[in-house]
Number of protein chains: 2
Amino acid sequence: MTPRNPRRPAPPEDCPLDACLKFLSSAWTTRIVWFLGMGPRRFGDLRRDLGGISTKVLSDRLRSMEKKSMIVRRALPTTPTQVEYSLTPLGREFEPVITAMTKLGDKLRDEHGVR
Amino acid sequence: MTPRNPRRPAPPEDCPLDACLKFLSSAWTTRIVWFLGMGPRRFGDLRRDLGGISTKVLSDRLRSMEKKSMIVRRALPTTPTQVEYSLTPLGREFEPVITAMTKLGDKLRDEHGVR
DNA sequence: CTGTATCCTTTTAGATACTG
DNA sequence: CAGTATCTAAAAGGATACAG
């Protein structure tokens, strides 16, 4: 949730999830589902999407989500290596929750002044 | 989420939130909203609802939620003191999210074998 | 580009004992 | 009944450096 860790960087302006995550914790996992919901993305894409997450933490989260079968990792036979992550069917099950959180995030900002 | 902390006690059987919380973290706050959504409850009620949370942690969570205006604390003029907690309008805003998580929790258990 | 390895800080949680 | 006080541990996050 909120500044559980004051060092967490500010999320991108256009992600309405944030106001909600100020109350319902563990930001990164839900944010990753949110961005992967827009389609497969590469490691570096996610880094930019998430606005400041360290490679260490992103890697930790992705491994954890992979282990839980929420996402799949696919390494492309390119040089240098490119890796694409995408939601599994199980991962997509979380989208209604993400949607509800997103809507709430908007509402909290609009009607309750949560920034 | 899941056994982030292996010492976290198992939640009550009839709380479908758990399978979902195995993926989307910080259990206690969302669970408290879930139970308070059923009406005002006392400290001891919540302790039982939450199945094994320590008084210290419950107290911590309630103070935190109070500070964020998600709940209100009302001390009754009885002896011994009784204290009733309830959701504020802001706290009630979270119910759609809780509902979505609850539905997902059921689905994860029924269709994906998440326990 | 996609990570892993270290090292360190903050948050959450748990056990236990004790109090008005 | 409803907490507070300690002390400890685990999880998550962050900074930075380095590697295939």
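Letters A, B, ... are given to chains in the order of the sequence lines, protein chains preceding strands, and every chain is numbered from 1.
Note: CG (A/D60) to P (C/dT2) measures 17 Å, nearest angstrom. C/dT12 atom P lies 15 Å from atom CZ of B/R63, rounded to whole Å. Nucleotide D/dA15 holds its C1' atom 15 Å from the CG atom of A/L58, rounded to whole Å. Distance NZ (B/K67) to C1' (C/dT12): 15 Å, rounded to an integer number of Å. Taking atom CD of residue A/Q82 and atom C1' of nucleotide C/dG3, one finds them 14 Å apart after rounding to whole Å. Rounded to whole angstrom, the span from the CZ atom of B/R48 across to the P atom of D/dG3 amounts to 13 Å. Taking atom CD1 on B/I53 and atom P on C/dT12, their separation rounds to 12 Å, with Å as the unit. What separates CE of B/M65 from C1' of C/dA13 is a distance of 16 Å, to the nearest Å.
Within residues 37-47 of chain A, the residues that place at least one heavy atom under 4.0 Å from DNA chain C are, in residue-number order, A/R42, A/F43, A/G44. For the segment residues 71-80 of chain A, the set of residues with a heavy atom within less than 4.0 Å of an atom of DNA chain D is empty.
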Q) Could you go step by step and tell me if B/L87 and B/E95 meet the side-chain contact (heavy atoms from CB on, under 4.5 Å) rule? A) CA-CA 10 Å; B/L87 293 180; B/E95 297 199 290; 4.0 Å; yes
**Q.** Audit row: A/I32, A/D49, side-chain contact (heavy atoms from CB on, under 4.5 Å) steps and yes/no
**A.** CA-CA 9 Å; A/I32 291 169; A/D49 290 340; over 6 Å; no
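Here the closest non-hydrogen pair linking B/A100 and A/P96 is CB-O, 4.2 Å. Nearest heavy-atom pair across A/T88 and A/I71 is CG2-C, 3.6 Å. Smallest separation of non-hydrogen atoms from A/A75 and A/T81: CB-CG2, 4.4 Å.
No donor-acceptor contact under 3.5 Å links the side chain of A/K56 to the base of C/dG3.
Side-chain atoms of A/S54 lie closest to D/dA15 of the nucleotides C/dT4, C/dA13, D/dA15.
Annotation: cation-pi geometry satisfied between A/R31 and A/W28 (NZ/CZ under 6.0 angstrom from ring centroid, within 45° of ring axis).
Counting only residues at least two apart or on different chains, the salt bridge (Lys or Arg N to Asp or Glu O under 4.0 Å) pairs with a member in residues 74-84 of chain A are A/R74-A/E84.
Within the structure, a side-chain polar atom (N or O) of B/S59 is placed less than 4.0 Å from OP1 or OP2 of D/dT4. Contact annotation: A/W28 side-chain N/O to D/dA12 OP1/OP2 distance is not under 4.0 Å. Regarding contacts with the backbone of C/dC1, every side-chain N or O of A/Y85 stays at 4.0 angstrom or more from both OP1 and OP2.
Here A/V57 lies in heavy-atom contact (under 4.0 Å) with a base.
By the 4.0 Å N-to-carboxylate-O rule, B/R48 lies close enough to B/D45 to be salt-bridged with it.
Considering only heavy atoms from C-beta on, B/F43 comes within 4.5 Å of B/L62 through its side chain.
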